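Everything below concerns the one structure shown next.
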Number of protein chains: 2
Amino acid sequence: MSFTITEENYIKAIFHLQQEDGNVSTNALAAELHTKAASVTDMLKKLKLKKLLSYEKYQGARLSIEGKKLALAIVRKHRLWEYFLVDTLQFGWDEVHEVAEELEHISSKKLVEKLDAFLGFPRFDPHGDPIPDSHGKMAIQQQVNLIDLPLNKPAEVCGVGSQSTQLLELLKHKHIGIGTRLEVKKTFSFDHSIEIKIRNQNSFTISQQLAQALFVKPV
Amino acid sequence: MSFTITEENYIKAIFHLQQEDGNVSTNALAAELHTKAASVTDMLKKLKLKKLLSYEKYQGARLSIEGKKLALAIVRKHRLWEYFLVDTLQFGWDEVHEVAEELEHISSKKLVEKLDAFLGFPRFDPHGDPIPDSHGKMAIQQQVNLIDLPLNKPAEVCGVGSQSTQLLELLKHKHIGIGTRLEVKKTFSFDHSIEIKIRNQNSFTISQQLAQALFVKPV
DNA sequence: AATTAATTTTAGATTTGTCTAAAAATAATT
DNA sequence: AATTATTTTTAGACAAATCTAAAATTAATT
């Protein structure tokens, strides 16, 4: 069975909105895919026929086993290509998302497996998100939100909570990137800002919003 | 200006059928693209509106400067990706065409340039075809059909005339591939077969059809 | 519980790329 | 030159994915 790019994008969007909780609503999907609710209804009927999801009128949708398998295959390709772009082609980690959105729809199974092997079977992409293996299994991330990191515990930045250019601009300015080592030195309850220290630099404070957008892992 | 995958495939097909001679006929295009003449007519009208080609009723089509530029960009991507698949991912050179047909439509300009640099700016793809550079210029191949190679002149296989699996199966069996060094030892006018000698092997004869499908360059 | 608000679905239209069947133009042949 | 054959175009229809506007359903609020 093979699917159109549009169908794959719907499946991926449902997968991302589904995480545990209940069914995905028509409106939520329309927003995620920058389309209209009426279009979503049509597509959900079609994807139900193809047995990729369960769907009842007015009740939203939920991926079937088949649908989840497809979603994981797409996510796998997306993240492997992101890793390739950053690691092999030296792209900035803030400029790979768009390109990977296209590459994730290349269908060759063999290509994915060869690419995975060439890259050395990476388990996390440049944004810190886990890459599903060829069976769809993902490593569980022991990453923690920077806001939750205990004082004076050395950690390494391993992911960001968004791909907005505004965030990435700020990170570039502060010289924070994937792999940056840091410790939290102090927290301020007034505005929930926190003071962090990067190796060989003076400490400085960052806003609550920024800290919430950063994921770190103890090192 | 951006184009659909279908439009790009039409432009590429016209480019390949156009080589020097006159205009490309509707029927020739329909055959090349496995579609019907009526569909081709519709698309030619559309591509004319987009100024990618000139077209007059019943007179066939010919690419404009713009159209040629687009065609060269697509061919560039196709051949760079083929090179990548063989050189970096260790694909067999007989299994890359299909995948490259998909990859050639990835739009990112930056990706193409970075890929080119990563590969070391190769000038010929694994089938021996020249790769257009970023300005659309191709190296001129001083390659010659094996049938035209003078006796006892050492040469190296640098291209094949078709991608048919039947041909590639035969080449694999005879241990002939890109880079294989050989000399022509004798020609037989009866059936136009030729006797060739590969370094460290006994000479053997190959058919006229096979010789015509092989391109070599003096070395 | 009744009314209002929000969400979701239907109905009908549009665009892109395709098709078949019939008409028009060009090319080949006697 | 007239007829036949081939090629190409038109006309009308269809499937995929989308849209707007109106109707139906569900959720929220008074």
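The sequence lines fix the lettering, A, B, ..., with proteins before strands; numbering per chain opens at 1. No experiment lies behind these values; they were computed from the predicted model shown.
- Straight-line distance from the CD1 atom of Ile5(A) to the P atom of dT18(D): 12 Å, rounded to whole Å.
- Side-chain proximity of Asp42(B) to dT18(D), dC19(D), dC19(C): nearest is dC19(C).
- Salt-bridge formation is not detected for the pair Lys12(A)/Glu32(A): no Lys NZ or Arg NE/NH1/NH2 atom is positioned less than 4.0 Å from an Asp or Glu carboxylate oxygen.
- When the side-chain nitrogen and oxygen atoms of Asn27(A) are compared with OP1 and OP2 of dA6(C), none of them lie within a distance under 4.0 Å.
- Nucleotide dT26(C) holds its P atom 7 Å from the CD atom of Gln59(B), rounded to whole Å.
- Rounded to whole Å, atom C1' of dT16(C) lies 13 Å from atom CG of Leu47(B).
- One interatomic measurement links the two molecules: CG of Leu44(A) to C1' of dT7(C), which rounds to 14 Å at whole-angstrom precision.
- Ranking dA21(D), dT26(C), dT18(D) by closeness to the Tyr10(A) side chain, first place goes to dT18(D).
- Side-chain N/O atoms of Thr41(B) include one lying less than 4.0 angstrom from OP1 or OP2 on dT9(D).
- Residue Tyr55(B) places none of its side-chain N or O atoms closer than 4.0 Å to OP1 or OP2 of dT8(D).
- Note: OH (Tyr58(B)) to C1' (dT8(D)) measures 5 Å, nearest angstrom.
- In summary, Glu7(A) and Lys50(A) engage in a salt bridge, as defined by a charged side-chain N under 4.0 Å from a carboxylate O.
- Distance CD (Glu56(A)) to C1' (dT9(C)): 14 Å, rounded to an integer number of Å.
- Contact annotation: Lys45(B) side-chain N/O to dT10(D) OP1/OP2 distance is under 4.0 Å.
- Nearest heavy-atom pair across Ser107(B) and Glu102(A) is OG-OE2, 2.6 Å.
- For the pair Thr4(B) and dT16(C), the criterion of a side-chain N or O lying under 4.0 Å from OP1 or OP2 is not met.
- When the nearest nucleotides of DNA chain D are assigned to Ser25(B) and Ala37(A) by heavy-atom distance, the more 5′-ward of the two goes with Ser25(B).
- In this structure, Lys57(A) does not reach the dT8(C) phosphate: none of its side-chain N or O atoms is under 4.0 Å from OP1 or OP2.
- The CE-P distance, from Met43(B) to dT9(D), rounds to 14 Å in whole Å.
- Within the nucleic acid shown, Thr6(B) comes within 4.0 Å of sugar-phosphate atoms alone, with no base atom in reach, counting heavy atoms only.
- Rounded to an integer number of Å, the gap from Asn23(A) CG to dT26(D) C1' is 15 Å.
- Counting any heavy atom pair closer than 4.0 Å across all strands shown, Ser39(A) reaches a base atom.
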**OP:** May I have the step-by-step check of side chain to side chain donor-acceptor pair (under 3.5 Å) for Asn27(B) and Ser25(B), ending in yes or no?
**Re:** CA-CA 5 Å; Asn27(B) 257 7; Ser25(B) 77; over 6 Å; no

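- Look at Thr35(A) and you'll find a side-chain N or O under 4.0 angstrom from OP1 or OP2 of dC19(D).
- Salt bridge absent: Arg76(A) and Glu104(A) never bring a charged side-chain N and a carboxylate O closer than 4.0 Å.
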